[in-house]
Peer 1: 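I have a structure I would like to understand better, so I am pasting it below and will then ask my questions one at a time.
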Amino acid sequence: ALVSIWSDVQLARPELKVKLLLNVHDSIIVECPREHAREVADLMGKCMEIPMLVNGHTVRVPTDVKVGVNWKDLIDIEKWEAQDVGATSP
């Protein structure tokens, strides 16, 4: 998923201004302008939810996308959009 995000999001979509910052265990941290957050989140979700074959069954591992001005204060993107959190942040 990390390589997909780098190639399919950061390289293929330069207008989104995505910066791949960090990968920790099963988390991938990126930075992008607020106005591109939803589109970047959707693209990352597609990259992360790659189907896997387990014992002959196709399995999709669920993912969640969180947004915030720092790692400590991340919230679900739907809640962020509903609250318009970060409207005054950089």
Side-chain angles (χ1 to χ4, degrees):
L2 184 62
V3 173
S4 292
I5 290 170
W6 179 71
S7 65
D8 298 350
V9 180
Q10 186 170 0
L11 290 181
R13 302 290 306 274
E15 72 277 9
L16 297 177
K17 298 178 181 147
V18 175
K19 293 179 186 174
L20 186 57
L21 299 179
L22 185 63
N23 175 221
V24 178
H25 301 291
D26 60 350
S27 297
I28 298 174
I29 311 299
V30 301
E31 178 180 87
C32 72
R34 184 183 322 105
E35 62 268 17
H36 299 304
R38 170 47 78 179
E39 188 172 3
V40 170
D42 291 343
L43 290 168
M44 287 183 64
K46 288 177 186 174
C47 291
M48 298 287 291
E49 292 182 359
I50 300 168
M52 297 182 286
L53 193 60
V54 178
N55 294 328
H57 300 282
T58 300
V59 178
R60 286 189 179 271
V61 177
T63 61
D64 61 322
V65 176
K66 297 187 177 184
V67 180
V69 295
N70 61 55
W71 200 359
K72 177 182 160 259
D73 297 321
L74 296 177
I75 61 173
D76 290 326
I77 191 162
E78 287 79 15
K79 184 176 181 180
W80 180 79
E81 288 175 325
Q83 294 179 352
D84 198 26
V85 171
T88 60
S89 64

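This structure is a prediction, so every number in the text was calculated from the model and none was measured. All residue numbers in this chain count up from 1 along the given sequence.
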Peer 1: When you measure from the side chain of Asp76 to the backbone N and O of Glu78, does any donor-acceptor pair fall under 3.5 Å?
Peer 2: no
Peer 1: Hey, could you give me the CH2/CG distance between Trp71 and Leu22, rounded to the nearest 0.5 Å?
Peer 2: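 Between Trp71 CH2 and Leu22 CG, I get 5.0 Å after rounding to 0.5 Å.
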Peer 1: Hydrophobic cluster membership, with links at side-chain heavy-atom distances under 4.5 Å among I/L/V/M/F/W/Y: are Leu11 and Val40 in one?
Peer 2: yes
Peer 1: Please tell me if the side chains of Glu15 and Arg13 come closer than 4.5 Å, counting only heavy atoms from C-beta onward.
Peer 2: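 Yes, close enough: below the 4.5 Å cut-off.
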Peer 1: Please assess Glu81 against Lys79 for the test salt bridge (Lys or Arg N to Asp or Glu O under 4.0 Å), listing each intermediate value before the final yes or no.
Peer 2: CA-CA 5 Å; Glu81 288 175 325; Lys79 184 176 181 180; over 6 Å; no
Peer 1: To the closest 0.5 Å, what do you measure between CZ (Arg60) and CD1 (Ile50)?
Peer 2: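 CD1 of Ile50 is found 9.5 Å from CZ of Arg60.
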Peer 1: Give, for atom CG of Leu53 and atom OG1 of Thr58, the distance between the pair rounded to the nearest 0.5 Å.
Peer 2: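 Taking CG in Leu53 and OG1 in Thr58, the distance rounds to 5.5 Å.
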Peer 1: Would you say that Glu39 contacts Leu16 through its side chain, given a criterion of any heavy-atom pair below 4.5 Å between the two side chains?
Peer 2: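 Side chain of Glu39 against side chain of Leu16, heavy atoms only: contact under 4.5 Å found.
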Peer 1: Would Ile77 and Asp64 satisfy side-chain contact (heavy atoms from CB on, under 4.5 Å), going step by step from the backbone distance to the final call?
Peer 2: CA-CA 9 Å; Ile77 191 162; Asp64 61 322; over 6 Å; no
Peer 1: Taking all non-hydrogen atoms of both residues into account, name the closest pair between Met44 and Ile28 and its distance.
Peer 2: CE-O, 3.9 Å
Peer 1: Looking only at non-hydrogen atoms, find the nearest pair between Asp26 and Met48 and report the distance.
Peer 2: O-CE, 4.3 Å
Peer 1: What heavy-atom pair brings Val65 and Ala41 nearest, and what distance separates the two atoms?
Peer 2: CG1-CB, 3.4 Å
Peer 1: To the nearest 0.5 Å, what is the distance between SG on Cys32 and CG on Leu21?
Peer 2: 10.0 Å
Peer 1: Hydrophobic clusters here meaning ILVMFWY residues chained together by side-chain heavy-atom distances under 4.5 Å, can you tell me if Leu2 and Ile29 are in one?
Peer 2: no
Peer 1: In the structure I gave you, are the side-chain heavy atoms of Val61 and Met52 within less than 4.5 Å of one another anywhere?
Peer 2: yes
Peer 1: Quick one: pull up CD in Glu49 and OG1 in Thr63 and give me the separation to the nearest 0.5 Å.
Peer 2: 3.5 Å
Peer 1: Which residue is it: Val18, Ile5, Val9? I am looking for the one with a side-chain contact (heavy atoms from CB on, under 4.5 Å) to Leu43.
Peer 2: Val9
Peer 1: Do any N or O atoms from the side chain of Asp42 and from the backbone of Lys46 form a donor-acceptor pair under 3.5 angstrom?
Peer 2: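 Such a contact is absent between Asp42 side chain and Lys46 backbone.
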